[in-house]
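Quick notes on the structure that follows.
Computed from a prediction, not measured in an experiment: that's the story for all the values here. In what follows, chains carry the letters A, B, and so on, assigned in the order in which the sequence lines appear, proteins first and then strands, with residues in each chain numbered from 1.
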Amino acid sequence: MAAFDIYPEYEIVRNNERCTNCRVCEKQCANGAHIFLTDKNRMAADDDKCVNCHRCVAMCPVRALKIVKTNHTFRENLYWTGKSIKEIKRQAESGGVLLSSMGNPETYPVYFDKILLNASQVTNPSIDPLREPMETKVYLGSKPDKVVRDEKGRIKIDLPLHIKLSMPVMLSAMSYGSISYNAHESLARAAAEAGIMYNTGEGGLHEDLYRYGKNTIVQVASGRFGVHSRYLSNGAAIEIKMGQGAKPGIGGHLPGSKIVGDISKTRMIPEGSDAISPAPHHDIYSIEDLSQLVYSLKEATGYTKPIIVKIAAVHNVAAIASGIARSGADIIAIDGFRGGTGAAPARIRDHVGIPIELALASVDKRLRDEGIRNRVSIVAGGGIRSSADVVKAIALGADCVYIGTAALIALGCHMCRSCHTGKCNWGIATQREDLVKRLNPDWGYKRLVNLLNAWKHEIMEMMGGMGINAIESLRGNRLMLRGVGLNEKELEILGIKHAGE
Amino acid sequence: MNVSARRLGSRILNDEIRRAEEDIIIEDCFGERYIGSCASSITITINGTPGNAMGAYLDGATIIVNGNVQDAVGDTMNDGKIIIHGNAGDALGYAMRGGKIYVKGDAGYRTGIHMKEYKDKRHVIVVGGSTGSFLGEYLAGGMIIVLGMESEACPVGDFTGTGMHGGLIFIRSSTPPANLPKQVTVSLADDLDMGSMNEYLMEYADTFGLSIDEILRKPFYRLAPNAKNPYKQLYTIY
């Protein structure tokens, strides 16, 4: 019974009048959903294997294919949905933890969509970014407590370490191993071209990508994969990964089957060995311990690199951030519960953590209340979908944002959310050589740069509309935001007024 | 070159060490942290008690401590040698992937956790006394040897090798450790094992002026990972 008990979620619809049996779909599908029936001289489909990634649809030369969501259903009701029934059946069959990927897809409130931006009318006129200078540069790092002048009254420019970005967006941590070499190269080149940063993730840095060091954030996580002195000094900044929005409280585990070739070399572990990053750093049990790692990395690089501490947005995020700001870290990255991942237990992904909008607003407020907001920059990540989300995040108190999923979609991801299978048909979340080469970095990085440029223009348009000509003037500028359909408590936490007020 | 650490503070002391082009002797060391971080070629001799994270990311240098050390010594060490004529604190050799750490006395909790193995890098921690609990947790490569020279009982704490999926732990003891997790198998070390330890035991005995015969007087237990992929069967594709 088991094999047929769960009806496939998607059906492959083939227009047999158009199909020429060229078998491209069969070659393109790493999941084996297309089969050629030699005896009948026609194509057939195994819907069970389809993940709805659209590779076959995109490659079919005669447009003979489409994928539809099945209209076959369980006798579901509002409480016992088909999803719940299906998950129980799968677990009854396997006894395993449900594994999934990408961000939380559930119906929790999206606060970005309940916040609207302001624009100038009549007074404080709007600015036209096409003809007026518009500053989108951001400097991340600790800012001095006050302006100090020398005896001649000149401002002393003895600023702490910073990283400079051409716009308030960075590409968030995705490790080599969880994504392919070609995807990593695309991210690195896009960051270099756009004047921003990408992040190595915790899997080390491939030798060939060291040349993009000025645009690289190197990550140090509990497993310390590929961490050595040259790696640390190659990046523009170092990020300590304490947590991740998609799976707060959970570590990483790259199965031994993915530790092959250059991945093994870059992570500095043998081929076939599991790469396990436990949830906690087993040498960090307090802010004092975290501070020790922050300073050990500063010492290791001669105090030349700002240190970022990345945490997941969880219930007491403001108190944690306050501790981090006092630990010696220069930048705090907060990752909300919509943040993506290459693999996470579905229950953790869907039920742990809090929305980035609330976390960000409360961290910003807490640090301002304590008078230490200038000590750190804040990077908000976890589900940033558009330039409007970027502008709203900055007005809620972020210095800049991390984007991950959006960057991958620019590279060709179709959000089939099957990264954990390692069979990404678009060459992103896979290490299979034949699949990896489907992503051409020359093409990929340009698309990513296009996306960043487009967002930059949109950010300038929105700023201009508000009568703001520098991104610095937008940061924490909650007067530019109004809530729609939010209750008193939500408005209080976000620190914004309701529309009409 | 001699440097007194007195009143310098960690940062100034470490700046001096970074600039040093010849071997350096640090006197009056009293809790200064991060000594020898990333150091690659020189020999640093420390008289006194260095603070946490000594020899972090060590990349080939030798550090000799005439005294005790504190926590997180040799964190993510890549290469080199650390010799401690005293006791070590917690998390000794965290995620180390190269070089050697020799401790004359005891080591604290979580010794040698997350140690990795990489290519021909052969790395080892030898502790002469006993260690705390969680020895070799998440061990992925390399070798940990605990000698228990002064102990009658087995010289390790509880939960040795939890999550271990590579590497080897050898414990000199008349009885095997108790409370081993299911990822770990235990057996008496055979001739091959003794052969693989020999180089390190000889160097250890030589370093601290001990007799190799005395070290070899007791049997060694060998702890190895039970399965290469301990979490393999845990997940259901969704």
Open item on the list: Between B/L58, B/D59, B/N14, who has the most heavy-atom pairs with chain A when the cutoff is under 4.5 Å?
Closed with: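 If we count pairs closer than 4.5 Å to chain A, B/N14 comes out on top.
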Identify the two heavy atoms, one from [X] and one from [Y], that lie closest to each other, and give their separation to 0.1 Å.
X: B/S37; Y: A/S296; result: OG-O, 3.8 Å
X: A/G302; Y: B/R18; result: CA-CZ, 3.8 Å
X: A/S273; Y: B/H165; result: OG-CD2, 4.3 Å
X: A/P270; Y: B/E117; result: CD-O, 3.2 Å

Treating [X] as the side-chain partner and [Y] as the backbone partner, does any N or O pair qualify as donor plus acceptor under 3.5 Å?
X: B/K116; Y: A/G223; answer: yes
X: B/Y94; Y: A/S222; answer: yes
X: B/R97; Y: A/I269; answer: no

Side chains of [X] and [Y] in contact at under 4.5 Å (non-hydrogen atoms):
X: B/Y118; Y: A/R267; result: no
X: A/L293; Y: B/D75; result: yes
X: B/Y34; Y: A/K298; result: no

Open item on the list: Is A/L232 close to chain B through its backbone or its side chain, or both, or neither, when contacts mean heavy atoms under 4.5 Å?
Closed with: side chain
- [ ] Assess whether ring pair (Phe, Tyr, Trp, His ring centres under 6.0 Å) is satisfied between A/H282 and B/F134, documenting all intermediate values.
- [x] CA-CA 10 Å; A/H282 281 294; B/F134 310 104; 7.8 Å; no
- [ ] Check whether B/D15 gets within reach of chain A through its side chain, its backbone, both or neither, counting any heavy atom under 4.5 Å.
- [x] neither
